Structure formats: structure tokens, C-alpha cells
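This report concerns only the one structure given below.
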There are 2 protein chains.
Amino acid sequence: MTAAENNKPKRDTYRHGDLRNALIEAGLELARQGGPAAVVLRAATRQAGVAPNAAYRHFTDRNALLHAVSQAAMAHLARTMEAEQAALPPATDATAAARDRFRAVGTGYLRFAQEEPGLFRTAFHVPDDMAHAAADTAAGTTGKTPFELLGAALDGLVEAGILPEDRRPGAEFLAWSAVHGLAALLIDGPLRGLHPTQAHDAGRHVIDMIERGI
Amino acid sequence: MTAAENNKPKRDTYRHGDLRNALIEAGLELARQGGPAAVVLRAATRQAGVAPNAAYRHFTDRNALLHAVSQAAMAHLARTMEAEQAALPPATDATAAARDRFRAVGTGYLRFAQEEPGLFRTAFHVPDDMAHAAADTAAGTTGKTPFELLGAALDGLVEAGILPEDRRPGAEFLAWSAVHGLAALLIDGPLRGLHPTQAHDAGRHVIDMIERGI
DNA sequence: CACCCATTGTGTACGATGTCCACATTCGGA
DNA sequence: TCCGAATGTGGACATCGTACACAATGGGTG
């Protein structure tokens with residue numbers, strides 16, 4: 001290399017064409033490696049081969065960009081959960097099927113947390129300014145957000161007669177709490193660095209607890 | 001005021017005398033208001049009435065300072081949990097007492113998360129560089145870390161015959177997961193802004209689930 | 001087809017931050 | 001008493017987020 005080392009996709013057109021998505025994509029890569037703090041506006045624009053200020057034509061703020069990246073990460077999570085369910089072997093009966101689908105929600109959640117800790121933290125990052133409404137565009141390929149996937153699985157448990165109807169209300173908060181808490185333990189807390197096999201076992205235990213205690 | 005508005009404790013001695021603690025204290029206040037991201041080195045030194053670089057005589061890094069603040073926040077959490085147990089009304093029998101003490105661990109944890117969300121997030125903040133060993137100096141007045149407090153309460157359940165001994169191993173991870181997950185839901189997630197009374201109810205439900213499912 | 005203006009990028013600049021280096025001040029022990 | 005180890009200061013630099021003025025572009029209207 002002489003002086004200019006351009007591995008960046010330098011464009012010849014003045015307009016980028018798809019800058020908004022390019023920035024989100026670059027942000028996702030940064031987040032994957034370093035979590036929410038690594039989503040640096042200038043770095044994203046650099047990756048997109050564009051001046052820093054160009055980002056402001058598509059996001060009001062660094063926070064707005066980070067939020068978009070966060071939503072994209074949440075969508076990744078949803079897809080992982082959907083994939084976990086899709087990979088399920090056929091169950092013996094409808095009851096077992098409902099149960100399997102429920103457990104797959106938790107298993108997929110935990111798998112994503114371990115395989116993509118940076119994206120996971122980014123998905124649940126709370127913006128400094130606070131006050132963001134409910135779910136924006138965090139759905140997977142089925143159009144459901146992670147939370148909605150959990151709700152659907154719980155509904156399945158009720159239909160299958162596994163979960164009494166009077167225990168259904170608010171059940172997603174119980175289940176989500178336990179699984180999310182374990183995820184935090186696994187990627188940041190004292191269970192960090194656990195062997196994947198053991199982590200999987202821990203996941204089984206927590207989901208067992210949920211089934212018993214829900 | 002004319003030109004110099006010094007509400008800062010300007011000192012006359014060249015040495016500060018207790019800068020390390022002053023910085024941690026300032027950091028705690030910053031964290032209380034804005035979480036880990038708000039722990040800004042220069043702001044802390046400003047508050048301590050000292051030049052930015054003075055901090056480097058006591059912390060190698062901004063990360064080191066943040067870590068110290070995090071440990072201090074964890075100690076706060078421990079004290080809140082201890083206080084929750086101390087405030088317990090006398091139980092009717094030993095079994096009820098063990099149970100009450102166990103539940104107080106979770107209740108205190110959740111109370112701290114809601115009353116001091118900034119400190120709570122800071123306590124569980126994972127440093128960007130990663131690789132920090134186990135618990136440093138995060139103990140409360142009894143000398144126990146939050147995790148150890150939970151372990152002691154679980155031991156109490158076993159002694160009281162409430163929890164079968166073969167279920168004891170790893171039980172702290174189940175309990176901690178569920179409670180921590182709820183805390184995350186309450187301060188960052190979809191349960192944010194819940195009325196304290198409702199939040200307390202949610203806490204009861206989660207702890208019920210733990211008792212049933214552990 | 002020509003023109004105009006909304007959209008999209010660029011360049012320059014500013015304040016704030018973390019951190020490095022050289023220097024100043026002080027205190028405690030030899 | 002004096003000197004070296006602690007401790008604090010000052011200045012400098014790269015990087016970041018972002019504001020402001022300006023340039024290039026392209027699509028709709030005449």
C-alpha cells in the first residue's frame with residue numbers, strides 16, 4: 001500500500017444510495033464485537049465510506065442510531081428463537097409439542113445471549129435519554145417480537161392444558177424474568193465463561209423451575 | 001457571586017488527603033443519577049476540586065475508577081438487603097423465620113433496583129475490557145456480598161427443612177436469575193414505570209415462583 | 001426540456017473527554 | 001537536614017458528538 005489504504009467500499013456516486021441501512025449494518029458489526037458502547041457514530045460512517053455528518057441526515061442523534069441498531073439486534077434475537085423452534089424434532093403428541101415449543105423459546109433466547117453477547121447487550125440497552133415507547137420494529141421473520149413469541153408459547157401451554165388458565169396472566173413476566181436473569185448471569189455475572197454444555201444444563205434447570213413454579 | 005463560584009470544597013493544602021475515596025464518592029453520585037455511563041473521570045475530579053490527572057495517582061484508568069464505584073454500589077445493595085432482613089417482624093416459628101429471611105433477600109434486592117436504578121445498573125455493569133475476577137470488596141456491613149447473602153438464606157431454608165438438600169446445589173443461580181431478571185424488567189424493560197405497589201406484587205409473584213420451582 | 005429546490009453529503013469548527021508527558025509540591029524517613 | 005517517593009498540576013493530543021455553512025444531485029413542475 002502506498003498511502004491510501006481503502007478497504008472501504010469507496011463509492012463514485014455522490015449519493016450513497018442506502019446509507020441508513022449501511023449505518024445500521026455497520027453499527028450491528030460494532031455492537032457484535034463491543035456491545036452498545038462500541039456503536040460509535042464516526043466509526044459507522046467511516047465504514048460506510050461517508051463523512052461523519054452524513055449520518056445526521058438519517059438519524060437525529062447517535063442515540064437514534066444506537067436505538068435502530070438495538071432494534072435490529074432484537075430482531076436477530078427473535079429470529080434465533082424462531083429458528084430454535086423450527087429445528088424442533090416432531091413431538092409425540094400435542095401436549096409434548098406445546099411444551100417443546102415453550103422450552104425452545106427459552107433455549108433460543110439463552111443461545112443467542114451466549115453466541116452473540118454483544119448483540120444481546122445492545123438489544124436490551126436502555127438509551128441514556130430514556131423514554132422510548134414500546135416495541136418498535138424488533139420482530140423476526142414471523143413478525144413477532146421476542147416477547148410476543150414467549151406469549152404465544154404460553155398460550156400454547158394453556159391450550160394444551162399444561163398451564164391452568166388462571167395462572168396465565170402475567171406469566172410472561174415470570175418466565176422472562178428467570179430466563180433473562182440467567183442470561184445476565186451467563187454473559188456478565190458469576191456464570192460467565194461457563195462451558196456451553198454446562199450453560200445448557202443451567203438453562204434446563206431454570207426452565208424446569210419455571211415450569212414447576214409458573 | 002462575582003466570577004468564581006466555588007461550591008466545590010476547595011482545599012488549601014496541596015494534598016487532598018483522601019482523594020481516592022472522594023473520587024469514588026463523586027462517582028457514586030454521578031452513577032446514582034445517570035448510571036455507569038455518567039461516571040466521567042473529569043467530572044469526578046472536578047467535584048473533588050482537583051486536576052483531572054490527579055485521578056491517575058489512584059486509578060490506572062477510567063475503567064478502574066468505574067470498577068471501584070461499581071463495587072461500592074454493590075456494597076450499597078448488600079446493605080439494603082441486610083436492612084430488609086433486619087426490619088423483619090419476629091416470625092411465629094423457625095420455619096417461617098427462614099422463609100421470611102429468604103424472601104427478604106429478594107425483596108431487598110428488588111427494592112434497591114427500584115429506588116436506586118442508577119446505582120443498580122452500575123453495580124452490575126460489565127467493564128468494557130472484560131476479565132475482572134470474582135467479587136472484590138462488595139460486601140455490606142455483615143461482610144457478605146449480595147450473592148453470599150442469598151446463599152446464606154438458602155442454607156437457612158435447608159436447615160428449616162423447607163428446601164430438600166438435594167435441591168440446594170446451584171439453587172442460588174435459579175433464585176438469582178429470576179429476581180435479577182425481574183429487576184431488569186422493572187427498571188429497563190416493559191415493566192418500567194410500574195407503580196411501586198404493583199412492582200411489589202410482581203416481586204411477590206416471582207419469589208412465589210422461585211419457592212415453588214426451586 | 002429546462003429550471004428550481006428539497007434531499008443528501010462535505011468541510012470546518014468547537015467543546016468535552018480520556019490519557020500521556022514533563023514539572024511542581026509536599027511529606028516522611030535516613 | 002535533606003532527599004526520594006507520593007501526590008497534584010499544566011499543557012498537549014487524538015477522538016468523539018455535533019452545530020453551521022456550503023456543495024452536489026436528482027426529481028417534479030413549468
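To find a chain, count down the sequence lines: A is the first, B the second, and so on, and within it residues start at 1. As the structure is a computational prediction, the values presented were derived from the model and not from experiment.
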Answer yes or no: side-chain N or O of Tyr56(A) and base N or O of dA19(D) forming a donor-acceptor pair under 3.5 Å.
no
Tell me: NE2 of His58(A) to C1' of dA6(C), nearest whole Å?
14 Å
Of all the choices, dT10(C), dT17(C), dT26(C), which nucleotide is nearest to the side chain of Arg15(B) once you look at every atom?
dT26(C)
Can you find a donor-acceptor N/O pair under 3.5 angstrom joining the side chain of Arg57(A) to the base of dG9(C)?
yes
With ring centroids as reference points, do Phe173(A) and His180(A) lie under 6.0 angstrom apart?
no
Report the distance from atom CG of Leu41(B) to atom C1' of dT15(D), rounded to the nearest whole Å.
16 Å
Counting heavy atoms from C-beta on, name the nucleotide in dG17(D), dT19(C), dG9(C) closest to the side chain of Asp61(B).
dT19(C)
Given that Ala43(B) and Asp18(A) both sit by DNA chain C, which one's nearest nucleotide is further toward the 5' end?
Asp18(A)
Measure the spacing between NE2 of His16(B) and CG of Asn21(B) and express it to the nearest 0.5 Å.
9.5 Å
Criterion salt bridge (charged side-chain N to carboxylate O under 4.0 Å, His left out) on Asp201(B) and Arg204(B), from CA distance to verdict
CA-CA 5 Å; Asp201(B) 282 357; Arg204(B) 253 190 333 100; 3.5 Å; yes
Name the orientation class of the two ring planes belonging to Phe147(B) and Trp176(B) (parallel below 30°, tilted from 30 to 60°, perpendicular beyond 60°).
tilted
Looking at every strand, decide which applies to Arg42(A) at a 4.0 Å heavy-atom threshold: base, sugar-phosphate, or nothing.
base
On DNA chain C, compare the nucleotides closest to Thr13(B) and Arg62(B); which residue's is nearer the 5' end?
Arg62(B)
